[in-house]
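All values reported here derive from a predicted model rather than from experimental measurement.
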Protein chains: 2
Amino acid sequence: MKNKVSYEFLKNILVKKNLKVTHQRLLILSLIRQFGHLDIDELYAKITVDYPYISLATIYKNISTMLENGILNEVKIGGAKTKYELSTNSHAHFICIQCKKIEDLDINVDCVLDNFNKGSVASVNVLIYGTCNACQPKISKKLS
Amino acid sequence: MKNKVSYEFLKNILVKKNLKVTHQRLLILSLIRQFGHLDIDELYAKITVDYPYISLATIYKNISTMLENGILNEVKIGGAKTKYELSTNSHAHFICIQCKKIEDLDINVDCVLDNFNKGSVASVNVLIYGTCNACQPKISKKLS
DNA sequence: CTTCATGCAAAAAATTTGCATTTTG
DNA sequence: CAAAATGCAAATTTTTTGCATGAAG
């Protein structure tokens, strides 16, 4: 844990859901918070740097309970492993098909619901695939 | 194959991509077309009714090549196995969180791209989760 | 008759489970 | 202390691969 503030913040997330505060859970949360979106393997690789003896089973179990408790949110992307992020109200993502980076988007997605009449809506999930500005030059070069 | 028309239609999809027309591939395509969205297991279960000796490996290989060729499209849904559908221009889906049914939506999703400036866009994928009209009564009953 | 697809069995990868031990509140 | 979480190993499930055989163009 880097500092007291982040420790308290992450700890509270768990306490609010009546989940015990363990070193492993704090590591998982802190890495997901730091990197935004991680899949199980990325998480395992990063955790073991600081904490070499965590069990993969523990990560699976914790991801699962945190999903059930709404602490985490899963982001399923075409052609990649499912990523996990801290739950927020926004669920729009931009995925660069070149570098695979994922960016959170703070856009209003409710416009897609105009004239929607198939039922009541719980949430809207938007994935935009494309080429990010950083990768744009690489592509242009390939084509020329 | 039900009839000549559907046979020709599905066959053409394969021919256009220089893929050999096999009984197995036609079955896969015809079931996906009939049911709209199927995951590997559903596909396997339905195929083996008509054609008991297909290998699961064949299904995996074919789904994979058809994805590469753009014939199929994968729909990754929260809390469920990835489903496959015939590729179309629209990529908006409504998923009922009660009965898990998936409906294709013919809505305009480009409105989410207003003011979008993170890069060039290749495709937009929209998932709307909620309760379909058919399941609405069941829910109201539970609450009362 | 050449190329590609299939099916099998085996291998590899991903995920889940049971249980003894440890940690948290 | 009691309840819950961890870690390990084993079990299960999911997906991939190699290769001999068979079918398609």
Exercise. Cluster question for you: counting only ILVMFWY and a side-chain heavy-atom cut-off of under 4.5 Å, with indirect links fine, are B:Val112 and B:Ile107 together?
Worked result: yes
Exercise. Under 4.0 Å between a side-chain N or O of B:Thr22 and OP1 or OP2 of C:dC4?
Worked result: no
For this session: Output yes when a side-chain donor or acceptor of B:Lys76 lies under 3.5 Å from a complementary backbone atom of A:Ala80, and no otherwise.
Result: yes
For this session: Give a yes/no on whether any side-chain N or O of B:Lys81 is located under 4.0 angstrom from OP1 or OP2 of D:dT15.
Result: yes
For this session: Whole angstrom is fine here: how far is it from OH in B:Tyr53 over to C1' in C:dC8?
Result: 15 Å
For this session: Rounded to the nearest angstrom, tell me the gap between atom NZ in A:Lys20 and atom C1' in C:dT23.
Result: 8 Å
Exercise. So do A:Lys118 and B:Ile128 actually touch side chain to side chain, heavy atoms under 4.5 Å?
Worked result: no
Exercise. Taking only N and O in the side chain of A:Tyr60, is any of them less than 4.0 Å away from OP1 or OP2 of C:dT16?
Worked result: no
Problem set entry | N or O in side chain of B:Asn18 less than 4.0 angstrom from C:dT3 OP1/OP2 | no
For this session: Could you check whether B:Tyr51 gets within reach of a base, just the sugar-phosphate, or nothing at all, counting any heavy atom under 4.0 Å?
Result: sugar-phosphate
Exercise. Side chains of B:His93 and B:Glu85: does their closest heavy-atom pair fall under 4.5 Å?
Worked result: yes
Problem set entry | Nucleotide of C:dT3, C:dC8, C:dT16 approaching B:Ser55 most closely (side-chain heavy atoms) | C:dC8
For this session: Under 4.0 Å between any heavy atoms, over every strand shown, what does A:Ile40 touch: base, sugar-phosphate, or nothing? Just pick one.
Result: nothing
For this session: Measure from NZ on B:Lys11 to C1' on D:dA23 and round the result to the nearest Å.
Result: 14 Å
Exercise. Is the shortest side-chain N/O distance from B:Gln24 to OP1 or OP2 of D:dA23 below 4.0 Å?
Worked result: no
Problem set entry | Spacing between A:Ile59 atom CD1 and D:dG7 atom C1', to the nearest angstrom | 12 Å
Problem set entry | First encountered from the 5' end of DNA chain C, between B:Ala57 and B:Leu19 | B:Leu19
Problem set entry | Closest-nucleotide ordering on DNA chain C, the 5'-leading residue of A:Lys61 and A:Leu56 | A:Leu56
